[in-house]
Amino acid sequence: MPPAVSVCLPSGAPLPLKIETLKNRADFLRAARAKRAGSPAFLLQARDRQDKVATVRLGFTCSKKVGNAVARNRAKRRLREVARLVLPQMAHPGFDYVLIGRATETAARDFALLQQDLSKALAKVHA
RNA sequence: GCGGAUGGCUGGAGGGUCGCUGCAUCACGGCCCUGUUUCGGCAGGCUGGGAUGUGGAGGAAAGUCCGGACUCCAUGAAACGACGGUGCCGGGUAACGCCCGGCGGGGGCAACCCCAGGGAAAGCGCCACAGAAAACAGACUGCCUUUGCCCGCGUGGCAGGGGUGAGGGUGAAACGGUGCGGUAAGAGCGCACCGCGGGGCUGGCAACAGACCCGGCAUGGCAAGCCCCACCGGGAGCAACGCCAAAUAGGGACCUCGCGUGGGCAACCACAGGGCUGUUUCGGCCCGAGACGGUCCGGGUUGGCGGCUAGAGAGCCUCGGGCAACCGGGGUUUGAGAUGAAUGAUCCUUGAAGGGUGGCGACACCCCGAACAGAAUCCGGCUUACAGGCCAUCCGCGCAU
């Protein structure tokens, strides 16, 4: 583990939210049991970790249902991009988010609509 | 021009904005450690985000089917055996089940393509259906001839003797095929050609081919059935393996086998005994009071760094050897290393083929917007998937000259 992220935080004033990648299977499973919000092109899962650490963590899931390796990679990249654009303004500190890709819609849906979808889903999950 | 055959190349293009990741350089911050100090710092290491520059998916990255490199484990010798693989000959290669060149067989007018292509006189097994008969030789039917009897006297019927071997619808396969002679009818019985077997000869490194001589002919097929022969082969894989840090654990229950002898106060030693090394023999190692036996239960299996991308490298040009695969030399250019896994997201322009509408047509307008597919230690192959486009060589047909 990199030494204690929380130690160097106090100095920061506004400080943009740190976004890390979710890596452990256990974290994915915990997120799956928390709140969720559907959307035509993806499914959003969100969980408040309640561990006093502000870092936002983000994960992606594209199962074999999405398609072959090329289709799965493309779906993940689009989800990653839309999250990169939307999340910094919308995310709540201390949350884990997981975006799950769908078969054809994730790759096909208009990108502007995709951003709107994510905003709506985040709002629903935070409510 | 039309139809083919073979080999090879390519795998949308241009731009704007915003990102990801490796490396290099540059300053900046953090402060822990080390060194030093004139106590301000400085140097090294660690670490955090940033700027600039530069590199960043494929011909199959795929299937994971072969062959290697590399790493760890195992590895005493001989003989024997088991298992798996390969299978015409020669060459290439680090190696191969791959590639090249030949040979043999089959297909095609041809270019060319296809072949799991050792052994069936070592043995066992199998040969469906059909057929008189399916494996070793005859039976059945037939053909010829002859004797007797019968009648409605005929190219008749019945019974018997003798001769004969391929005429018998079949079938994947029938004591070799075709023709002529021969005969009562026939038959390699004789002859010619083809096939087959044997022999030496010639050519070839060889597989094999050729002509010649001899033999009237002896060995049905299946070895992607067992098998025999020759050759090859230790096992597991980068989640290999090494290092650092942290944490946890250094277990428990039951069963099986064993707990022997001698010396010594004891530690221990020696010998029995047990286990491992495919088997055996010799040898070696371990245990020796427990087991490097089995079953079940419980706990753990995290993070980082190295391995990690420079090599049997690749592309192009060129010289030499070789029919070729390929080998040797020179020059030049080039070089993904991610790890919830980067190599992109989005917008604009252009846009192949395809589809639709109109038109005799050239064409115009509209729709759709590139196939298969994403490195995971690295190479050499094979196999499979693939929208289109392009090039070279060759073959057949047609037309013109």
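Residue numbers start from 1 in every chain, and the chains themselves are labelled A, B, ... in the order their sequence lines are given, proteins ahead of strands. All of these numbers come straight from a predicted model, not from anything done at the bench. Only heavy atoms go into these numbers, but all of them, side chains included; no hydrogens, no water, no symmetry mates.
Across all strands shown, B:U332 pairs with B:G315; the Watson-Crick or G-U wobble distances both stay below 3.5 Å. Applying the Watson-Crick and G-U wobble criteria (two distances, each under 3.5 Å), B:G225 pairs with B:C124. Using the Watson-Crick or G-U wobble rule with both distances under 3.5 Å, B:U301 pairs with nothing in any strand shown. The partner of B:G278 is B:C80, by the rule that a Watson-Crick or G-U pair needs both atom distances under 3.5 Å. For B:G234, the paired base is B:C73 (Watson-Crick or G-U wobble, both distances below 3.5 Å). Remark: B:A272 base-pairs with no nucleotide; criterion is Watson-Crick or G-U wobble with both hydrogen-bond distances under 3.5 Å. A 3.5 Å limit on both hydrogen-bonding distances identifies no Watson-Crick or G-U partner for B:A60. Searching all strands for a Watson-Crick or G-U wobble partner of B:G55 with both distances below 3.5 Å returns B:U21.
Judged by closest nucleotide on RNA chain B, A:T61 is the one of A:T61 and A:V82 placed further toward the 5' end.
For B:C308 and B:A325, the P atoms lie 34 Å apart once the distance is rounded to whole Å. Nucleotides B:C189 and B:A122 are separated by 38 Å at their C1' atoms, to the nearest Å. Look at the C1' atom in both B:G117 and B:C88: the space between them is 6 Å, to the nearest Å. Here the separation of B:G176 from B:U86, taken at their P atoms, is 40 Å to the nearest Å. To the nearest whole angstrom, the two P atoms, one in B:G340 and one in B:G335, are 28 Å apart. The separation of B:A246 from B:G300, taken at their C1' atoms, amounts to 14 Å, rounded to a whole angstrom. Separation of the C1' atoms belonging to B:C194 and B:G160 is 46 Å when rounded to the nearest angstrom. Straight-line distance between the C1' atoms of B:A209 and B:G102: roughly 13 Å, to the nearest whole Å.
Considering every non-hydrogen atom in both A:A121 and A:A37, the closest pair reads O-CB, 3.8 Å. Contact between A:V56 and A:P93 at its shortest, heavy atoms only, is CG2-CA, 4.1 Å.
Base orientation of B:G355: anti, since the glycosidic angle falls outside 90° of 0. Applying the 90° cutoff around 0 to the glycosidic angle, B:A57 is assigned syn. In this structure, B:A310 is classed as syn because its glycosidic torsion stays within 90° of zero. Look at B:G40: its glycosidic torsion is within 90° of 0, and that puts it in the syn range.
In this structure, A:R109 places its CZ atom 16 Å from C1' of B:U346, rounding to the nearest Å. Distance A:F60 CZ to B:A342 C1': 13 Å, rounded to the nearest Å. Between the CG atom of A:D110 and the P atom of B:U346 there is a distance of 10 Å, rounded to whole Å.
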Side chain to side chain contact (heavy atoms under 4.5 Å, CB included) between A:T106 and A:L79, worked out: CA-CA 8 Å; A:T106 306; A:L79 289 177; 3.9 Å; yes
Check against side chain to side chain contact (heavy atoms under 4.5 Å, CB included), A:L44 and A:L122: CA-CA 8 Å; A:L44 174 70; A:L122 283 169; 3.8 Å; yes
Residues A:L85, A:Q115; criterion side chain to side chain contact (heavy atoms under 4.5 Å, CB included); working and verdict: CA-CA 8 Å; A:L85 294 173; A:Q115 294 187 45; 3.8 Å; yes
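Looking at heavy atoms from C-beta onward, A:V66 lies out of side-chain contact with A:R102 at the 4.5 angstrom threshold. Between A:F42 and A:L118, the closest side-chain pair of non-hydrogen atoms falls below 4.5 Å. At least one side-chain heavy atom of A:M90 sits under 4.5 Å from a side-chain heavy atom of A:S119.
Between the A:R78 side chain and the A:R109 main chain, a donor and an acceptor come within less than 3.5 Å of each other. Side-chain atoms of A:R47 never come within 3.5 Å of backbone atoms of A:F28 as a donor-acceptor pair (strictly under, hydrogens ignored).
Taking every side-chain heavy atom of A:R80 into account, B:A341 is the closest of B:A345, B:A341, B:G340.
Between A:F111 and B:A345, no base-stacking contact is recorded for ring centres under 5.5 Å apart and planes less than 30° from parallel.
Of the residues in residues 68-76 of chain A, those lying under 4.0 Å from RNA chain B by heavy-atom distance are A:N68, A:A69, A:V70, A:N73, A:R74.
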Between the protein and nucleotides 18-22 of chain B, list every N/O to N/O distance that falls short of 3.5 Å.
from: B:C18; atom 1: O2'; to: A:R84; atom 2: NH1; distance (Å): 3.3
from: B:C18; atom 1: O2'; to: A:R84; atom 2: NH2; distance (Å): 2.9

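A:H126 and A:Y97 have perpendicular rings, their planes meeting at more than 60° on a 0 to 90° scale where under 30° would count as parallel.
Counting any heavy atom pair closer than 4.0 Å across all strands shown, A:R77 reaches a base atom.
Qualifying side chain to side chain contact (heavy atoms under 4.5 Å, CB included) partners for A:R84, counting only residues two or more places apart in sequence or in other chains: A:E81.
Distances shown here put a side-chain N or O of A:R78 below 4.0 Å from the OP1 or OP2 atom of B:U346.
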